[in-house]
Student: 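What follows is a single structure, and I will ask about it in a moment.
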Amino acid sequence: MSVRLGKYAGFCFGVDRAVNLVYEAVGRGERVFTLGPIIHNRHMVERFSAMGVKVLERASDALPGSTVVIRAHGVPREEEQILRDIGVKIVDATCPFVKRIHKLVSEAEDEGRTAVVIGTPSHPEIVGIASWCPNGKVFETPEMLENWAKDPSIPADLPICMVSQTTLTANLWDLCVKIAKKQFTNPEIFDTICRATEYRQNEAAKLSEECQAMVVVGDPKSSNTNRLAMICREHCPKVTLVGQASELDPAFFDGVTDVGITAGASTPAWIIKEVNYTMSEITTVETGEQSFEEMLEQSIKTLNTGDKVLGVVTHIGTTEVSVDLGTKHAGYIPCDEVSADPSLKPEDVLKVGEEIEVFVVRVNDQEGTCQLSKKKLDGIRLWDEINEACENKTTVEATIVDENKGGLVATVKGTRVFIPASQTGVARGGDLSAMVGQTVKMRITEVNRARRRVIGSIRAVSSEIRKAAAEKIWAEIEEGKKYHGTVKSMTTFGAFVDIGGVDGMVHVSQLSWGRIRTPSEVVKVGDEIDVFVLSFDAEKRKISLGYKTDEMNPWTQFSAKYNVGDVVEAKVVKLMTFGAFAEIMPGIDGLIHISQLADRRVMKPEEVVTEGQDVTVKIIDIDLENKRISLSIRALLSGEAEAVEETEEVATEE
């Protein structure tokens with residue numbers, strides 16, 4: 001028969017602490033009393049009784065000079081005072097979680113805030129809490145809280161401080177929180193639930209669903225233990241509740257191949273071990289790779305500051321996130337330790353039931369708490385990743401967020417990285433601010449973890465990319481091949497164009513079909529243009545590029561658009577003794593012979609036209625071979641035939 005022990009079985013932290021305090025007092029040879037049963041387990045109480053520890057029903061029964069241990073539930077403030085007045089040595093074994101509630105409601109009382117306590121009024125824990133806030137209110141159900149809050153005599157701006165009994169269920173607490181937030185404008189809300197009971201009950205339900213039988217160990221008079229048994233019976237047909245090993249019935253295990261064990265919060269480990277030992281005598285017990293003792297020991301494992309541990313998110317509150325670490329400590333993450341991004345809420349990052357790895361910031365064995373941080377662990381991991389990226393020369397993605405005198409500032413997964421100006425890839429004197437907001441590829445070149453300094457280089461990545469692209473271009477280059485490039489720089493004799501890793505030069509003569517003095521008349525730095533390879537020298541790594549194409553040739557464009565006889569608009573650009581030249585389109589001029597300027601004899605062209613004047617002319621001849629065009633104004637005035645005839649006569653005379 002295999003046995004599965006619930007990791008939350010047995011003493012919770014508060015009970016374990018209370019029992020140990022009694023042991024310590026006895027070990028010092030003191031005369032020890034407990035104010036009420038130290039825990040709800042008669043076997044534990046009987047063991048202490050055999051050691052000479054007696055139970056006091058009232059504080060007034062205490063003897064001067066004796067040691068009185070206050071039970072885990074705590075006692076009313078007045079009873080503590082009685083003990084002090086008698087002159088006893090007080091050992092306060094009040095659960096630290098309960099003690100924290102005492103402090104919260106007491107401070108609220110001093111500040112004039114109304115303490116609102118959610119819990120069972122008659123429960124010893126609540127009785128003790130109420131004594132620390134005489135003007136406070138105790139409500140057992142959400143309905144009772146809502147009825148009070150809606151009373152017309154209760155103002156909406158009443159300052160309240162709301163806490164709960166440590167064993168309250170999360171569902172009831174959440175309902176009460178909603179009511180408080182809805183009805184009051186100034187509530188202080190503290191989640192004071194001890195999740196150990198909730199964890200134990202949830203675990204018992206899961207075990208009872210998976211096992212053929214369940215053994216619940218604990219005092220039958222303990223409500224906590226009875227509740228566990230009831231939960232198990234809801235999911236499993238065979239459940240037995242035993243206070244000690246001698247109560248086990250061998251017949252109960254007939255036909256059972258796997259059994260689960262859980263125990264109430266007041267059940268000591270030695271009783272659980274005795275139950276297991278007796279079960280092993282009744283039948284053969286198997287626990288897999290672990291012994292029962294190892295399983296029990298694992299359920300009470302300890303934690304140390306600096307540990308990285310796995311846990312399960314069990315509750316997301318307004319101030320902290322509760323995490324089940326599988327130990328007796330109550331793990332919690334303050335909300336500001338969930339993420340390095342202050343704009344994110346805990347619920348944006350975490351989900352209840354999610355398994356996460358966290359960093360142990362502080363362990364408080366006295367209070368049974370463990371402060372955790374997800375942000376710190378994420379930070380440690382991020383630095384590890386950045387350091388690894390630096391060592392392995394891995395390319396990372398970064399966002400440029402700022403510019404300063406020395407270069408650019410980028411972020412890589414939230415970590416600040418400085419990029420010196422010389423490593424940005426921007427030419428000296430260039431506009432670095434234009435890169436702000438861009439996402440770039442870069443390489444981490446230096447990491448100083450102690451000083452939290454990271455230096456990166458965009459140039460290191462772009463140089464490699466450019467080198468790889470250049471090799472590809474040289475491997476595939478051929479005359480006539482076309483590329484889309486960017487003008488990088490210019491000289492008086494041409495422009496240098498980056499065609500994707502390699503710079504080629506477009507000579508000034510290859511930039512335009514017309515006559516230009518400088519490349520800047522056609523292109524400027526940063527322009528993206530289409531070019532083609534005229535020639536190249538792979539050995540010397542030189543490429544000559546062409547920009548002007550036949551399609552760009554103005555004579556090609558002219559011949560495709562105009563014919564002899566067409567009437568066009570032109571601009572007079574130059575006057576000569578024999579006539580005037582007029583521009584039909586950029587790069588194409590035609591001659592208006594002096595005889596064609598008017599329907600009368602003209603001695604000088606200036607008599608009829610001026611430079612810059614727009615004129616309407618008729619194309620009377622096109623000589624593409626010699627690139628000559630004859631134009632006429634006269635033809636539009638006196639008829640084409642006469643104009644042509646006279647032009648021919650004049651040409652003959654000349």
Side-chain angles (χ1 to χ4, degrees), residues 303-311 319-321 323 325 331-346 348-350 356-364 370-467:
L303 298 169
N304 298 298
T305 299
D307 285 350
K308 297 176 186 178
V309 295
L310 285 174
T319 59
E320 62 188 35
V321 176
V323 180
L325 300 173
Y332 70 94
I333 309 173
C335 286
D336 59 359
E337 287 295 319
V338 172
S339 172
D341 187 344
S343 67
L344 293 177
K345 297 178 181 179
D348 297 331
V349 180
L350 302 172
I356 60 172
E357 188 174 18
V358 287
F359 182 85
V360 177
V361 177
R362 187 180 300 107
V363 179
N364 191 325
C370 180
Q371 182 180 335
L372 310 168
S373 174
K374 182 178 181 297
K375 179 174 73 173
K376 189 179 290 293
L377 185 57
D378 289 344
I380 292 172
R381 284 177 173 168
L382 181 56
W383 276 99
D384 289 343
E385 290 177 10
I386 289 176
N387 196 61
E388 184 179 351
C390 180
E391 292 178 353
N392 297 335
K393 298 183 178 180
T394 306
T395 299
V396 298
E397 193 172 89
T399 301
I400 308 298
V401 295
D402 197 11
E403 173 205 6
N404 59 31
K405 290 182 179 180
L408 296 171
V409 177
T411 59
V412 177
K413 297 181 180 179
T415 298
R416 183 181 183 277
V417 180
F418 175 66
I419 307 169
S422 62
Q423 297 300 314
T424 61
V426 177
R428 188 172 183 177
D431 185 11
L432 291 177
S433 63
M435 293 190 67
V436 175
Q438 292 185 19
T439 299
V440 299
K441 300 288 186 181
M442 62 177 291
R443 182 161 295 150
I444 304 298
T445 57
E446 182 183 333
V447 177
N448 189 322
R449 202 159 183 167
R451 297 178 62 184
R452 302 185 68 80
R453 184 179 70 180
V454 183
I455 296 177
S457 172
I458 299 172
R459 185 178 175 183
V461 176
S462 59
S463 294
E464 286 192 2
I465 294 175
R466 185 177 175 84
K467 183 179 179 181

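Both backbone and side-chain heavy atoms feed into the values below; hydrogens, waters and symmetry mates do not. What you see is a predicted model, and the numbers here were worked out from it, not measured in a lab.
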Student: Say you draw a straight line from CD of Glu320 to CD1 of Ile333; how long is it, rounded to the nearest 0.5 Å?
Tutor: 10.0 Å
Student: Got a second to check how far Asn404's CG is from Ser433's OG, nearest 0.5 Å?
Tutor: 12.0 Å
Student: What's the separation between atom CH2 in Trp383 and atom CD in Glu388, rounded to the nearest 0.5 Å?
Tutor: 15.0 Å
Student: Inspect the surroundings of CZ in Arg449 and state if more than 12 heavy atoms from other residues, nucleotides or ligands are less than 6.0 Å away.
Tutor: yes
Student: Leu325 and Cys370: which non-hydrogen atoms are nearest, and at how many Å?
Tutor: CD1-SG, 4.1 Å
Student: In Å and rounded to the nearest 0.5 Å, what is the CD1 to CD1 distance from Ile444 to Ile386?
Tutor: 6.0 Å
Student: Which pair of non-hydrogen atoms, one from Pro420 and one from Gly456, has the smallest distance, and what is that distance?
Tutor: CD-O, 3.6 Å
Student: Are Val338 and Asp348 close enough that some pair of their side-chain heavy atoms sits under 4.5 Å apart?
Tutor: no
Student: Which atoms form the tightest heavy-atom contact between Ala398 and Val412, and what is the distance?
Tutor: CB-CG2, 3.7 Å
Student: So, do Ile455 and Gln423 sit near enough that their side-chain heavy atoms are less than 4.5 Å apart?
Tutor: no
Student: Between Leu372 and Glu337, is there a side-chain heavy-atom distance shorter than 4.5 Å?
Tutor: no
Student: For Val361 and Ser373, which heavy atoms make the closest approach, and how far apart are they?
Tutor: CG2-CB, 3.6 Å
Student: Side-chain contact test, heavy atoms from C-beta onward, threshold under 4.5 Å: evaluate it for Val363 versus Asp307 and give yes or no.
Tutor: no
Student: Hey, are the side chains of Val396 and Met442 touching, using non-hydrogen atoms and a 4.5 Å cut-off?
Tutor: yes
Student: Which atom pair, heavy atoms only, marks the closest approach of Thr305 to Arg362?
Tutor: OG1-CA, 3.9 Å
Student: How many angstroms lie between atom CZ of Arg459 and atom CD1 of Ile419, to the nearest 0.5 angstrom?
Tutor: 13.5 Å
Student: I'd like to check Lys308 versus Leu377 (side-chain heavy atoms, cut-off strictly below 4.5 Å). Are they in contact?
Tutor: yes
Student: OG1 of Thr411 to CD of Glu397: how many Å apart, nearest 0.5 Å?
Tutor: 10.0 Å
Student: Is any side-chain heavy atom of Val358 closer than 4.5 Å to one of Val309?
Tutor: yes
Student: Short question: side chain of Arg443, backbone of Val461 - any donor-acceptor pair under 3.5 Å?
Tutor: no
Student: Run Ile400 and Thr424 through side-chain contact (heavy atoms from CB on, under 4.5 Å) and show every step you take.
Tutor: CA-CA 10 Å; Ile400 308 298; Thr424 61; over 6 Å; no
Student: I'd like to check Lys374 versus Val321 (side-chain heavy atoms, cut-off strictly below 4.5 Å). Are they in contact?
Tutor: no
